[in-house]
Amino acid sequence: MSVLGKMETELEQDHKATTAVYESTPNITTTEASLCNSTQCYMVLTPTEKKAIGTICFIAGPVTFLENILVLLVIASSTTLRRRPSYLFISSLALADTFASCFFTISFLDFHLYSQNDRPHIYLFKLGGVTMAFTGSVGSLLLTALDRYLCIYQASNYKVLLTRTRAKLAIVLLWPTTCGALPYHSGLRPHPVESKSA
């Protein structure tokens, strides 16, 4: 028998063995889908991880919230800072991070530490808040990056290209777009958990 014939025979034997194993194995996809109808399959943290991450959230959440509130108060109290487009973008970023520190911390602790199963509208509100906060944060960072680019590479025309009015318009366009990313507006709904009757 040639080498090619031996290889074909070995491939056929491997295929038969694989088919036999597959046929004798339960439908894994169906089992996983039935398990994931409940939010329990997403609670993957061990007790040690819960303690560590919970401690970080309890510390970092309030600190981040207070830091961003302080930034907003400093900019709001200074007329000079409010006139500069750069600080308008920084204010937008601080506002988004304030929302993120609230929504993300509360949602994470409720779900992973306290295993709280919320009603659909509460679930959507929390998920939408996290999505809105992080989308607003990324958008504000992009505006800040554009501001720095113009300041460095278009220094002579910077004040003409990026006026206070244009900065305000960019922020006004950013936040409705950010709110449009909410899962509730996009038609996302949590899958209902079917309770098994005893």
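For reference, positions follow the sequence shown, starting with 1. These numbers come from a predicted model, not from an experiment.
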Taken to the nearest 0.5 Å, the spacing of L73 CG from S78 OG works out to 12.5 Å
In this structure, SG of C151 is separated from CG of L146 (nearest 0.5 Å) by 11.5 Å
Those residues at least two apart in sequence (or on a different chain) that pass side chain to side chain donor-acceptor pair (under 3.5 Å) with T64 are none
Sorted by chain and residue number, the side chain to side chain donor-acceptor pair (under 3.5 Å) partners of Y158 (sequence neighbours excluded) come out as S86, D147
Would you say [X] and [Y] are hydrophobically clustered, going by side-chain heavy atoms of ILVMFWY under 4.5 Å?
{"X": "L162", "Y": "Y153", "result": "yes"}
{"X": "F134", "Y": "L95", "result": "yes"}
{"X": "I152", "Y": "L143", "result": "yes"}

Residues in side chain to side chain contact (heavy atoms under 4.5 Å, CB included) with [X], at least two apart?
{"X": "Q154", "answer": "L150, N157, L161"}
{"X": "S92", "answer": "S140, I171, L174, W175"}
{"X": "K159", "answer": "none"}
{"X": "T144", "answer": "F89"}

Apart from V71 itself, members of its ILVMFWY cluster (side-chain separation under 4.5 Å) are L70, V74, I75, L81, Y87, I90
Residues joined to I56 in its hydrophobic cluster, side chain to side chain under 4.5 Å directly or through other members, sorted by chain and number, are none
Provide the closest heavy-atom pair for [X] versus [Y] in the form atom of the first, atom of the second, distance.
{"X": "T98", "Y": "S101", "value": "O-OG, 2.8 Å"}
{"X": "A167", "Y": "P85", "value": "CB-CB, 3.7 Å"}
{"X": "R82", "Y": "L88", "value": "O-CD2, 3.6 Å"}

Applying ring-ring contact (aromatic ring centres under 6.0 Å, His included) to F99 and not counting sequence neighbours gives none
